[in-house]
Amino acid sequence: MHEIVPGLVYAPGYLSREEQDELVADLREAVKQAPLFTPRMPRTGKEFSVRMTNCGALGWVSDRERGYRYQATHPETGAPWSPMPRLALRVWDDLSPYKHPPEACLVNFYEASARMGLHQDRDEEDFDAPVVSLSLGDSCLFRIGGTERKSSTKSFKLHSGDAMMLTGPARLAFHGVDRIMGGTSTLLPQGGRLNLTLRRVTKA
DNA sequence: GAGTACCA
DNA sequence: CATA
């Protein structure tokens, strides 16, 4: 467990293979309940290359008309999100100094060609709570900078089972995914990468 | 703008 | 929607 930039806590190999398998099983149920959707950029309607679903009381969604937001239901089916996976809550309890539970678990599915541009997580009311992320499946090249877009950046690889927490000075750091390394994991039979992002949305 | 292009 |  170490800091790559101030406030970024990186815990490589945090989850065992058995724990990763349990999470994947929970996520299969989550996708049955609330299928992966393709978010779109506000105003332009441009599609993200990543597909998403959510678990927990609130889910992050985006479309052309209403932009980035959290809501309690799937944007296409209107169904509520699946419950937060048991292990996700346990990881939050173990890693996070912020003891109120997370309300959102955004599930991002990256095919080999998917990317995530540099961005900040700033759609939450409560920036005192950290953002906790779990990686499953193929490895990726992750990039992180500072709280201004012009800040210099560093990149490093994330592998299946790694946990990461953005807290303190890194809570609002720009970050993104440059590249997925296809075929680097056997966890997901169809390949690709799943990332779980746990967030407190409302003030506790 | 969590988009893209480009750069290192 | 909202901000750059």
Side-chain angles (χ1 to χ4, degrees), chain A residues 4-5 7-8 10 27 30-31 34-56 58-76 78 81 88 102-127 129-158 162-167 169-181 192-203:
Chain A
I4 292 173
V5 302
L8 189 165
Y10 177 44
L27 294 176
V31 169
L36 291 171
F37 62 93
T38 303
R40 290 177 179 268
M41 296 295 291
R43 248 179 4 192
T44 63
K46 181 118 182 118
E47 289 188 339
F48 285 45
S49 59
V50 169
R51 290 189 297 153
M52 306 180 168
T53 187
N54 289 271
C55 301
L58 291 172
W60 190 90
V61 302
S62 178
D63 55 36
R64 182 204 298 260
E65 296 75 21
R66 299 177 62 197
Y68 305 161
R69 65 197 186 276
Y70 284 94
Q71 64 180 44
T73 55
H74 191 283
E76 293 165 4
W81 309 108
E103 297 165 298
C105 173
L106 174 60
V107 181
N108 286 157
F109 178 67
Y110 295 79
E111 295 180 74
S113 61
R115 305 279 184 274
M116 181 69 81
L118 219 54
H119 68 280
Q120 292 174 298
D121 289 11
R122 53 178 304 159
D123 301 311
E124 302 75 34
E125 293 173 14
D126 191 349
F127 297 145
V131 172
V132 171
S133 125
L134 297 172
S135 293
L136 296 171
D138 284 340
S139 302
C140 75
L141 184 61
F142 178 79
R143 183 170 297 276
I144 185 161
T147 54
E148 297 184 50
R149 195 176 272 281
K150 63 175 191 281
S151 318
S152 63
T153 60
K154 293 179 180 179
S155 68
F156 61 99
K157 285 180 187 177
L158 291 174
D162 291 355
M164 186 170 66
M165 177 166 66
L166 298 178
T167 190
R171 172 62 182 78
L172 289 170
F174 279 88
H175 60 281
V177 172
D178 285 352
R179 157 151 242 111
I180 304 296
M181 281 95 151
R193 172 175 186 262
L194 286 167
N195 182 70
L196 276 60
T197 315
L198 308 173
R199 303 189 185 99
R200 179 78 199 185
V201 178
T202 67
K203 285 187 174 144

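Chain naming here is simple, since letters A, B, ... match the order of the sequence lines and numbering starts at 1 in each.
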| said: Can a donor-acceptor pair be found, under 3.5 Å and without considering hydrogens, that links the side chain of A:Ser49 to the backbone of A:Arg115? | reply: yes
Here the gap from A:Glu103 atom CD to A:Tyr70 atom OH, rounded to the nearest 0.5 Å, amounts to 9.5 Å
Report task. Could you check whether A:Arg51 gets within reach of a base, just the sugar-phosphate, or nothing at all, counting any heavy atom under 4.0 Å? Result -> nothing
For residues 151-158 of chain A, which side-chain N or O atoms pair as donor and acceptor with protein atoms under 3.5 Å away, sequence neighbours left out?
residue: A:Ser151; atom: OG; partner: A:Glu148; partner atom: N; Å: 3.4
residue: A:Ser151; atom: OG; partner: A:Glu148; partner atom: O; Å: 2.7
residue: A:Thr153; atom: OG1; partner: A:Arg143; partner atom: NH1; Å: 2.9

Taking a pair to mean Watson-Crick or G-U wobble geometry with both distances below 3.5 Å, C:dC1 pairs with B:dG1
Check: Quick one: does NZ or CZ of A:Arg193 land under 6.0 Å from the six-membered ring centre of A:Tyr110, within 45 degrees of the ring axis?
Finding: yes
When rounded to whole Å, the CD to C1' distance for the pair A:Glu148 and C:dA4 reads 14 Å
Nearest-Å distance once atom P is located in both B:dT4 and C:dT3: 24 Å
For A:Arg40, report the nucleic acid contact type (base, sugar-phosphate, nothing); a contact means any heavy atom under 4.0 Å. nothing
Taking every heavy atom of A:Arg200 against every heavy atom of A:Ala129, the minimum-distance pair comes out as CB-CB, 3.4 Å
In whole angstroms, the gap separating P of C:dA2 from CE of A:Met41 amounts to 17 Å
**OP:** Say whether A:Asn195 and A:Ser133, considering side chains only, have a donor N or O and an acceptor N or O under 3.5 Å apart.
**Re:** yes
First and last nt of DNA chain B near chain A, cut-off under 4.0 Å to heavy atoms, 5' to 3', are B:dG1 to B:dT4
Atom CD of A:Gln120 and atom P of C:dT3 are separated, to the nearest Å, by 14 Å
